[in-house]
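Have a look at the structure below, then the notes.
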Amino acid sequence: MIIAVSSQGQELKSPLDPRFGRAAHFILYDTENDSFAILNNEPSLNAAQGAGIQAAQAVSRGKAEAVITGHCGPKAFSALQAGGIAVYLCKENTVEEAIQAYKKGRLEQAEEADRSGHW
């Protein structure tokens, strides 16, 4: 299973980016073999609008089945749901800590967006 984690950097020890649509990168972490790849989110990061939807499309193309991020707006949340991608919100400091929290079952699947509009 591939998990997309919003990240401010390109390493597992990078800070978790609390933003989904405007995250700098996504770490695409494969839970089956503990490997990861980097998905640059620059096109969405610099988009005038629709960043969340573009980011959702990008993680879908990356074959993610779940997203871990700090916050998720309504349009991004709807796009992720339409793609069958579960959303987990967390407050962990690093990507690595977020992945460990997911693996240990400490994260709950979000049932709705936790932010309204742009932020």
Heavy atoms from other residues, nucleotides or ligands near NZ of K63 exceed 12 (cutoff 6.0 Å): no
Any donor-acceptor N/O pair, S6 side chain to A23 backbone, under 3.5 Å: no
CD on E65 to CD1 on I3, rounded to 0.5 Å: 9.0 Å
Using residues 78-93 as the side-chain source, report each donor-acceptor pair under 3.5 Å to any protein atom, sequence neighbours left out, with the distance given to one decimal.
unit_1, atom_1, unit_2, atom_2, d
S78, OG, P74, O, 3.1
E92, OE2, R106, NH2, 3.4

More than 12 heavy atoms of other groups within 6.0 Å of E11 CD: no
Side-chain donor/acceptor of Q8 to backbone N/O of P15, under 3.5 Å: no
N/O donor-acceptor pair under 3.5 Å between D114 side chain and C72 backbone: yes
Shortest non-hydrogen contact between L16 and V5, atoms and distance: CD1-CG1, 3.4 Å
Side chain proximity check, I68 to L107, heavy atoms < 4.5 angstrom: yes
Contacts of type ring pair (Phe, Tyr, Trp, His ring centres under 6.0 Å), residue F36, not counting sequence neighbours: none
Student check: side-chain heavy atoms of L39 and V59 closer than 4.5 Å: yes
Where L28 and A4 come nearest, the two heavy atoms and their spacing: CD2-CB, 3.7 Å
Residues, nucleotides or ligands: over 12 heavy atoms within 6.0 Å of Q109 CD: yes
CD-CG distance between Q100 and L12, expressed to the nearest 0.5 angstrom: 9.5 Å
Verify same cluster id: I99, I2 (apolar side-chain graph, 4.5 Å): no
Pairwise ring-ring contact (aromatic ring centres under 6.0 Å, His included) hits with a residue in residues 39-59, at least two apart: none
Residue pair H25 / N40, side-chain heavy-atom distance below 4.5 Å: yes
Atom pair OG (S7) and CG (N41), whose distance is rounded to the nearest 0.5 Å: 11.0 Å
Nearest heavy atoms of D17 and A24, plus distance in Å: OD2-N, 3.3 Å
Check: T94 side chain, K13 main-chain N or O, donor-acceptor pair, under 3.5 Å: no
Heavy-atom pair with the smallest gap, counting every atom of Q54 and S44: CB-OG, 3.1 Å
Residue pair K103 / Y29: nearest heavy atoms and the distance that separates them: NZ-OH, 3.1 Å
Nearest non-hydrogen partners of A76 and F20, listed with the distance: CB-CD2, 3.7 Å
Sidechain-backbone polar pair: S60 side chain, A56 backbone, donor-acceptor under 3.5 Å: no
